[in-house]
Each structure stands twice: as structure tokens, then as C-alpha cells.
Amino acid sequence: MTQLNRLSTGGRINRSKPLRFTWRGQVYSGYEGDTLASALLANGVDVVARSFKYSRPRGIIAAGAEEPNGIVQIGATEATQVPNVRATQQGLYEGLVAEPTSGWPSLEYDLMGAVGKVAGSAMPPGFYYKTFMFPESMWMTYEKFIRRAAGLGRSPIAPDPDRYEKTHQHCDVLVVGAGPAGLMAALAAARGGARVIIADEQEEMGGSLLASRELLDGGPATDWVASVLAELNEHPEVLLLPKSTVNGYHDHNFLTIHERCTDHLADRAPDTQPRQRLHRVRAEWVILATGAHERPLVYGNNDVPGCMTCSAVSSYVQRYGVVPGNRLVVSTSNDGGYQAALDWHDAGRRVVAVIDARRQVASTMADALKDRGITLIEGSAVLNVAGSTRVQSVEVARIDADAHQVIGPVQTLVCDTVATSGGWSPAVHLSCHTGSRPTWRSDIIGFVPGATHEQRLDAGALVGEFSTEGALNSGLAAARQALQALSMSVPEVVVPTLAPVEIMPALALFHVPHTLPTSRAPKQFVDYQNDVTAAGIELSCREGFESIEHVKRYTALGFGTDQGKLGNINGMAITARARGMSIPEVGTTVFRPNYTPVSFGAIVGRDCGPLFDPKRYTAMHEWHVSKGAAFEDVGQWKRPWYFPKAGETMAQAVNRECVATRTSVGILDASTLGKIDIQGPDAREFLGRVYTNAWAKLAPGRCRYGLMCGEDGMVFDDGVTSCLADQHFLMTTTTGGAAGVLEWLEFYHQTEWPELQVYMTSVTDHWATMTISGPNSRKLLGELTDADLSAEAFPFMSWQPMTVAGVPARVFRISFTGELSFEINVPANYGLHVWEALFERGAPYDLTPYGTETMHVLRAEKGFIIAGQDTDGSVHPHDLGMGWAVSNQKPFSFIGKRGMVRADCVRPDRKQWVGIKTRDPSVVLPEGAQGVFDPNAPIPMPMVGHITSSYWSANLNRSIAQGFVKGGHARMGETVYYPLADGSVVEAEICSPVFLDPEGERQHV
Amino acid sequence: MSDNPASSKEQYKAPITDWTGVADGVTGRSPLAHVGFDELAQMTPSDAPVQLREYALKGHLTLRCNPEDAAQTAAFEAVTGLALPTAPLSSVASSDTTVRWIAPDEWLISVPASALFSLQQRLQDALTGHCALVDVSSGLTVFELSGERAVDVLKKCVPVDLHQRHFPAGKVVSTGFAKASCTLRRLNDETFELVVRRSFADYIWLWLQDASLEYGLRVEN
Amino acid sequence: MLSIYCPHCAEHRDEEEFHYKGQAHIARPSDPDKCSDEEWGNYMYFRANPRGIHHEVWVHALGCRKFFNVTRDTRSYQVFESYLIGTSPSITGEQGGQPS
């Protein structure tokens, strides 16, 4: 294929670097420096998409982020598929593979096309609401169909092989946009000594200057751009981010920038290099210089390929050396349209006519046309286009001064391209993200950013400075203001000189009148991406949708990835006219992040795969891995769940571990328990306030179990706290509760009782904790220490310092299994050493490692709760039958005391925690099963409480369970039924939650 | 069992244990022992713009006291020879002792492991009034990240501003590190020290390694 | 994402370093046992929800672990001041939370 629309010279492409790319399976050529859009246009590709609703052929309209039609799917392999890429923003690379995202199953013929053509009138705005909502049961089917047909692209189904990075940035001044205003602002800010980030979404920086015919200081605008960029590049405090879209402007000047680092290089990012990088920027000051988008005029069949904006035509000619057609008609309402005609003509192709809706035209403009022999038709506009896959001719007629009706005969001009300009809409999108509302300026016929509480300044076309000179000056002014606010020196910066430009006021033309009423005229598109027409907006107003927000939702105007870049102002103007109001009275919709689509990869960054979330390990983790442990996630911790021997199922392993512990000795890695060092003269008083039980008399060397409740009286954590010395305690918390408990303790200390002298320090990570449990645990420990472990010297619920396996240790005689137990704590650096030493001496006792599952079974046999499993924030100690752990004798009204005696907390029919013994001992109830007293009651049955813990107990050779039953403490021996999902009903007896050794004889030895 | 040890407002001084006093032949194990820094140091390129090393098995002591108590600050200085850094986010260091401000009433002191017990004992003897000393040696490990791209690596890890103007040498911050946390101190223009919790050390090592990939990483020992 | 000044660290940090802990200046009753159910319920559960100025407790969870108060505008997310626990805000809202 030859590039039939490529000029032999000119443009900013690198003709020495030809590139091949594939579009819809066909190979084309382009050059380095092309975008996919410019390369497609160079090759004469007219149709790039089918429209969303009506399935009309669509071509490229614009040259930047505002492009509504050229939304493509990129990717040479399944894994590198990227949907929703704007062809105007995708740099061309060798081997690029692109497909249209719309028009399933093909661009030439498709199902939606048939629907759209045959049933076009059945698809007015609100179509989805009216048609597809009923019957509701069909919605899923419709949605699938619509999504597939709507051209939203598709996600890859293979993992993305590329890297995406996230990084934090801080700066004094963030400049958004590198056109004349942005470059000037960045230059001045940099010279003033500010840390500057300047980001621009295009493939290269320069903005409108890259396609300008103006001379700056007598030279081409691009020379000035190059010199500024060279200076900024040299500056150590300046970060230039081309190919980087500022997509979100969040609170307190936090902005997100989506940098496409290597998207323009190849299908896959080079090894070790990120494909994209998300910059999370905190800026002292933000200068928005986001420019403006040219509005196309709204006229009949204005979506036929070959209809473009004037500035896009200039961009393609000037920047890419591409003339996207042979015969051009320009239709404009302002001075902006003329450059397209001059560029087109000077490129050697035919300009049929320039049609200006105004009756008065700037003489310089008229002269420029006259010099080139180009016809100028004043007071007129293009009403309609003929053609289907390419413009074939246009209908032109004279319109009245208000641009409301056609007042002259219609003439036809043969052409293949129509460039229109309805003026410029400042790109206010980012300014809206933090809640600021744009304000209307009738002098520039556009919305500009509204007032803000952020440290934000606006410059350039964004504030209506559409001339290059005005943009440069406003960029400089913004930088000066920022520097002054930052107390930095304001440098001397000279704005380049430009030839004066004669400017004639624009005409407020949005919707070109037709000889027929809008409803019967050919389709006049306002929002191309969402197929919203002028007639559709008028209809929605007639149907009573008055607020612009409602019109937007009813018609889909400005929805989705488009965010109303081309169509919003035209849509508001049409709404205003339909309602007999002014545009500011109608107001504008608010734009939200993100400005353009951001890939999930960039949002995720490196928080994926092995780095998705921290994995916390204990000091003995490698041992567990080497012994084939199965692991369970407990919070972020990796805890051994069970240790299967070869060929064992989980149940077999757990049963073996349970029996071994009760018959000889088992060992548990309990390092993950939260541990808080508490010391100070008021430590004891503090404990008394935060625990429900008494601490005044706990002697050094002794340990006590405590319950923690919230002010509402509900249990939220528990654990053993030991008295290390009179004013020094070690508190343990649940694994998952550790951080929350410490923060909660600090909250009370810092905000309620700052007078208490107590310091709390987390020592969770410092200690490795291993619990040996079972009748042989004393003998085993005795082999590794000289300490006297006898019951007399070392009684239950006490602790002692001793040396274990040559390592200083704190050993606690506390038990979560009901067996004789020793909890050995050593500094974690020695944890593995002591653990292995226990195993070296453990063989004669069949020392058995066990995991969290066996721990759960053993404690359930003993009727011990697990906070967070047996409690859910609605359970107080008395509900659990743990009133013994509540001391009402303490002088201070401890946390939870008042809450526990609220009327609802003392009802006798509260759900209370009891043991549940199935009549059939082989049946293990599912946790969560709901109990009823009458299994024959009509549905919905009154439910009386649920199972919180349920296991097979190998030691008891039967199932055991605990759970809540209404008034359960007074119902011992009664029957409760559990109707299960499979239709069966399990009959069970209410009993004590303690199934084994209720007298506690096994641990008191 | 003793009688009711009724709390007195006098600071009670409990005997402290020399947790480093292990038997001969018993060696401590860093939370990153499995990484094998020695072997990696042989394998990684010598010209990489990012360098990482672990300072394992140091002695770390948390000190809690009142910076407005002149007797306490004087006692601290008398024992360590260093003025307690009471300004927020400041630190002081001598050849083998580093003292980092963590909070208005909290400091993290690092010394060689062999010096910890003696330091703790001398501080406990010298400090009067309400204070706390907690050995957290096994709960922490220390990374040193350096090189011309060290800042670029750290920018992917921590949300704080690392510019010299805001983060000069000697400044110390406790902050988030990816989804974990760290205490970060700048040693000089291109060198940072990260104190991290034992259980998160592997995650942070993996993250640092990953964040260095685009620049190149040399592991040092 | 908010930028919050920690009065203990004496610098601004990102919101992700902090935890929000609810409305400020809610004192625990000095004798909870003497509170009526209604008084206790008010302490436990009833909080202001102003459109405008709001005083709230934050903790520098990933930093110094200290608590402090913040005056924030619930409409704009502007943070006007951070101040120590036990001290009073310099900016207060009138009824409805409008700045005074």
C-alpha cells in the first residue's frame, strides 16, 4: 500500500525510519513520529469504526485526546491486548497490530447495523431504559448482547507480561500541558528555582505550536519549543513527562499522571523497563494549561468519514505531512477555521471553499484566501453531507444572523473532506475534579474553570487566551503568581515576539439549522461516541428532562471514555435553546476522573503477583516449609495450618496432631500472637481499665487471662497478660487483633487518660513463641533447661525466665489446649535454633508439630473461645458464659462495664454461647448453621442462633460444636435442630461448651 | 506468691535480662538469612546504580521518656555521650550508636548487639522517673540503600518527599513502605537506612529488589 | 488524598499514613455507671454530621502513632488546622457547620 495522502516533504515525522503496521489484518506503512491515526489517514483509511448505537461508519475526526471515533484495540498477541486506545494518542511502532473495537462482527456488515438501519426510529434516546429494562429477567441477555456489539473493546484473557510501575512525586509547581502557556509557565517557574513537573499527553511537547504557522521571535514556533525544552531538560529540578496524561486532580493538590513510557516502542515493553508508570504527585501549586478542544459544528450527517475539525486538518498537515483528502470544504464560525484551508492549499490540494457563518470576515483572512484563489462564502454554513463511507458532497446555504434558520437556496459542492470549527471549548475537565464548577464566558463562547480552594492557577486557552501571544503571557503570569506564593524569586523572562493578529468576534453557532425541523432532518451528531443527536437532545427536553444532568443520563451525552470533550458544549447549547434558556442557565455537567482511560496495569502497578500484599513470616517459617506444612493466611501472616505426612488428607493429619498432643506432646508456632510491652507506675491501673477483670493483685511472675470489650460491652479481643515486674507487664493479643488493640490502648491513653504514666511498645516481632503442649511437655523442656519445672516451682499460670537450649527465654505456663503446656518465648533471631533444638530432643516423645487447625480443635474441646470466630462484636462476656472474667468490684468503671448493663444486654433470652452435641456423633455440623427449636415450623422458621465452631474431635471420637442459642444457658439438655441447605435436619443437644476435662485436671499437673 | 504489690508512683526498676547472652555456638539468624546476601553479592553486577546491604543482628532499644524532663535528657547524654534528639524527625549518631526520633516521647537506639545489654543497664540505672527501655533487637532489621538511583527506587516505596531540601541527611521518618512500613533515615545524599520489622523484612526485600530492576541492583555484604 | 499536618512530626504527610478516629471532643463520662441509658447512648452512638466545619480525631498510624485533632470542611475536604489533644480548635463552625 502506498501512503497516498502523505506529502513528500514536511511534518515532524522521521522519513528515514519507515515502519510497518497492521490494521484489520492488512499491512500498511508509516513513519516514526506518526500516530496510528496519522498513519491510517496517510494510507487513505477512511472507516475506523462503526458507531455505538446506529452502527454508522465513522472516521477520524480529531488529532488528540478528544477523538471520539478512532478507539481501537492494540496488541499483537493475546497477552498484549489493550482495549480503548485512541488512535490519535498511540505512537506508531514497527509491527503494531491494531483492530477496530466496534462493529462486531465486521466493519462492512454487522448485526447492529441491520438493527440500526431497520429499526433506527425505534432507538431514540432512553432506548436502553425504555426497551431493555423489560422484562427484567432478560436484562442479562440484552446486556451481554449490547456490550459485545457496542465496541468497548475486549480485555486480554492472558496475563499481561509487561511491568507497570507507580511512583510518588513532589513538586513546587506542576504544569499540566506543554503548549505555549504551559511551556512558558514551566520555563519561568524553573528559572525561579521551583521544582517543576511538566506533563503533556501528546507524543511530543509543544501543543498548538507544533502545527502553528506563526513566527516566534521571527523563527518557526517549533524552534522556540525546541529551545525551551532544551533548557528545561538541562534543569536539575525539572521533570519533563511527555506521553503523560494528567488524569485525575484530587484533594489537596494530589494528581495522578499516567505516563506511557514504552507504549510507542513495541508490542511489549523492553526487558526490565516499565510499559507505563503512574505518578502520584503532590504539588504545592498546579498550573493548568490544558488548552482547548475545537468544537465541530453540528450539521446533517456530520459523522460521515471525511468530516473533521479544522485544527485536526492542520495538525495532520503540519505535524505529520498528511493531507487526509483531496477536496476540502471548510465551514467555520470563527477565525480558527482558516488555517486549515491555507495548510491544505499550501500542501498542494484543492480547497473548494471556505464557508464562514459570519457576515464580517477579517480582511487578513479574506486576503489570504484571495491570494490563493480560494472561494470564500460568507453568512453561510454546511447544512448536510452526502456520502456513506466518505464525504461525496456538501449542501451549503445562507443562514440568518442568529444562525437559527436557513434563508437562502441550498447549493451543492463536491468535496471529500469537510473541516468545521464552531469555536474552542477550554479543557476544564481537571478543574472540576475537586468540586469546582466551570463558569460561562459569553465573550469566548465557552466555559472556563471556576473558583477553587486548591492552590491552582489556570493559563492559556483554558482561560480563553486562544491567541499564541495571549497564551504565552498568561502562562508567564501564572508562573509569577506561583513563585510569589512560594516566596521564590520571580525571574526575568522575555515573552517571544509575534506578529499582531487581527481577530474578529466569533459567531455563537453550535447547531447548524437545516431546511427541515431537527426531528426530520438528517442525523446531526453532537456526541459521536455515544451516538447522541441534536434531535435526541430536543426529544429528551420535550419528554421533561430539564436538568442538564438528566439530559446527560437520558441521552448518554458525554458518557464513558469520551467525557464530552467534543460534544458537551454543543449539547448544552441545544438544550438551552430547546428550553428557551441561556447556556449558563442550563449549566454544565461535572467531569470526573479519569480524563482519559487508564489501564488497570498502571493502577495496579507492582502490587500484583508475589507483591500483591505483604506476606509476614515467623522465625521458624523455613522449617515449616521444609516439613511440607500447609499454610493458612491469618491477616498477612502465613501460619502453618497442618503438617500432612506423605499421603495424609487434611482430616487425617489434624486427627493425628490432635491425638499426639493429648497423648504425648505437640508444638505450635505461636509467634504471630500480638505482644505488647506495658510499663510504668500506672500500668496496673491502666490494665484494670481496659480489661474486664481485676489486675490490682497480679503478682510478678504470674499470668492472667483477660477479656477486652468495647464501650458497648462487646468482646473484641482476649489474651493472657503476664506480670514481668510490679510495674511491667507483657500483654498478648490475638494474631489479627494486634495492631488494632495497640492503637485502641493508645487512643485511651492519649485522649482519655494522659495522666496515667504508662508506655506501650509492640514487641510482636521481637519474640519467637513456641508452645509445647501435652503430658510429655515438661520432660521435653527439661532436656533443654536447668530450671526447676516442677508443679511446685513452676505452677500453672506463672512464668519464669530461664535458659532454653542455650538461649535466654521467658517461659509461660499457660495453656490453650487444656494440657500441661509451656509457651517458650525467645528473641526471634534465636527462634529457629530453639525450635530445632526441641526437635533434636523431641523424637523419644514423638514431638508433633501442629498447625492452626489442630489448635482450633484442641481449644474447642476445652470450650475456649476464639475472639472473632466465636464472637462477632455483638457478644458480651456473660453471653459467652464468661462472667467469671468480669469484675464489677473495681473502683474504676472499666471499658465495657456500663455497656454490658444496658437493657438489651441483660435480657434473659439473649443468644448465649453453649456446647452443641449432635445426637448422631458422626455428624459434624457446618459452621454458620442456623438453629431452630421447631423444625416443623412454617418457613421462615424462627432462628435461635448459629454454630460458631464445629469440628471432628479425634480425642473424643465424636463431633463437637459450639454456638449461640437463645436463652441457651438455661436450656442445658434441651434439643435444638439445624435444618441444612441439603434439606436434612440435624438434631442436637444443648450442653456445656467444655467437652473435655471440665475440672481442668490435665493442665494443673 | 507475694503479697499485693501495691503500685507506688516511684518507678520500679525490674531486673533486666541479657537477651544476647546465648551459649557458645548459638548463632542468631536474621529474618533475611534465607536470601543469602553473601552469594548474591558475588552474583550481582558491580556497576549497578543501586546498592543494597543488610545490617543484620544489630542491637535495637526502644526508649520512652519525657523530653522535657531535664534529668532524663541529662542522664541520657551522660550515658551515651549523645544529646537526645528531641526535635521532630531528627537523629544523632556516633561511630557505633544511632539514636532516632520516633515520636515526641520515643526513640529508637541502635548499637552493635554486643553493646546492647550494657547500654540498657547503664540507661536504666541512670534514668529516673517514668521511662521505659524495651529490647526490640530481634524485631527489626536494617537495610542500607545507596547509589545514584537510590532516590528513584525509594520514590516507588515511600510517599514522603525525598528532595534534599525536605529530607536532608540525618532526617528520620516513620512512614508507609508499599503496603508495609519502615523507619527511613538519610545518611547522605545517596544513602538511606531503612529499619523494618522482622516479619515484613522479606516483603520489603522483594519490593526493593523489584523496584531496582529497571536500574540494576548490586547486593553488598 | 488528603495531606494532613501532624503536629507531632511537624510536617504534612499523605492521608494513607493516618487513621481517622471519629468526631473529636467526645469526652468519656466521668462516671459511666451513673449515666442514664439515654446519656450513655448519646455518648456511645450519637455524632454530629455537619455540612461544613467538623472537628475530628486522627492518629498518625504509620508515623509517630500519636493522636491529634483536625478541623476539616466536610464539603470541600479542606483541612484548616491540626491541634493537640486537650486543646481547642481556633476555627469553629456555627450551627450547620458553616465557618464562623
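Chain letters run A, B, ... following the sequence lines, proteins first and then strands; every chain starts at 1. Just so it is clear, the model here is predicted, and its values are computed rather than measured.
The choice from A:His833, A:His621, A:Arg277, A:Arg163 that makes the most heavy-atom pairs within less than 4.5 Å of chain B is A:Arg163. With chain B as partner, the option from A:Pro801, A:Pro274, A:Gly701, A:Ser762 having the largest number of non-hydrogen pairs under 4.5 angstrom is A:Pro274. Of the listed residues (A:Ala837, A:Gly806, A:Ala828), the greatest number of heavy-atom pairs within a distance under 4.5 Å of chain B belongs to A:Ala828. Highest contact tally toward chain B, considering only A:Val826, A:Val763, A:Asp677, is held by A:Asp677 [criterion: heavy-atom pairs under 4.5 Å].
Of residues 56-63 of chain B, those residues with a non-hydrogen atom less than 4.5 Å from any non-hydrogen atom of chain A are, in numerical order, B:Leu57, B:Thr62. By a heavy-atom distance cut of under 4.5 Å, B:Arg197, B:Arg198, B:Ser199, B:Phe200, B:Asp202, B:Tyr203 are the residues of residues 196-204 of chain B near chain A, going up by number. Using a 4.5 Å cut-off between non-hydrogen atoms, the part of residues 176-186 of chain B that approaches chain A consists of B:Lys179, B:Ala180.
Screening A:Arg282, A:His170, A:His168 for a side-chain contact (heavy atoms from CB on, under 4.5 Å) with B:Asp161, the sole residue that qualifies is A:His170.
Looking at A:Ala805, only its backbone comes within 4.5 Å of chain B, counting heavy atoms on both sides. At a 4.5 Å heavy-atom cutoff, B:Ile102 makes no contact with chain A through either its backbone or its side chain. Within the 4.5 angstrom heavy-atom criterion, no atom of B:Asp24 approaches chain A. Only the backbone of B:Thr27 comes within contact range of chain A, with at least one heavy atom under 4.5 Å from a heavy atom of that chain. Proximity to chain B is limited to the side chain of A:Thr764, based on heavy atoms less than 4.5 angstrom apart.
By the ring-ring contact (aromatic ring centres under 6.0 Å, His included) test, A:Phe892 is found to be paired with A:Trp753, residues two or more places apart in sequence or in another chain being considered.
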Legend entry - Worked check of side chain to side chain contact (heavy atoms under 4.5 Å, CB included) between B:Lys155 and A:Glu165: CA-CA 11 Å; B:Lys155 281 161 87 172; A:Glu165 298 259 6; over 6 Å; no

Inset, instruction - List the steps and the verdict of side chain to side chain contact (heavy atoms under 4.5 Å, CB included) for A:Gln757 and B:Asn66. - result: CA-CA 11 Å; A:Gln757 294 192 328; B:Asn66 179 2; over 6 Å; no

Inset, instruction - Under the side chain to side chain contact (heavy atoms under 4.5 Å, CB included) rule, what do A:Arg606 and B:Trp207 come out as? Steps first, then yes or no, please. - result: CA-CA 9 Å; A:Arg606 300 300 301 153; B:Trp207 190 280; 4.1 Å; yes

Legend entry - Steps toward side chain to side chain contact (heavy atoms under 4.5 Å, CB included) verdict (A:Val807, B:Val26): CA-CA 8 Å; A:Val807 176; B:Val26 177; 3.8 Å; yes

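Within a 6.0 Å radius of CG in A:Asp786, no more than 12 heavy atoms belonging to other residues, nucleotides or ligands are found.
The pair B:Arg165-A:Asp172 meets the salt-bridge criterion, since a charged nitrogen lies less than 4.0 angstrom from a carboxylate oxygen. Electrostatic pairing of A:Glu836 and B:Arg29 does not count as a salt bridge here, judged by no charged N lying under 4.0 Å from a carboxylate O.
Between B:His130 and A:Tyr759, the ring planes are parallel. Angles under 30° get that label, and only those over 60° would be called perpendicular.
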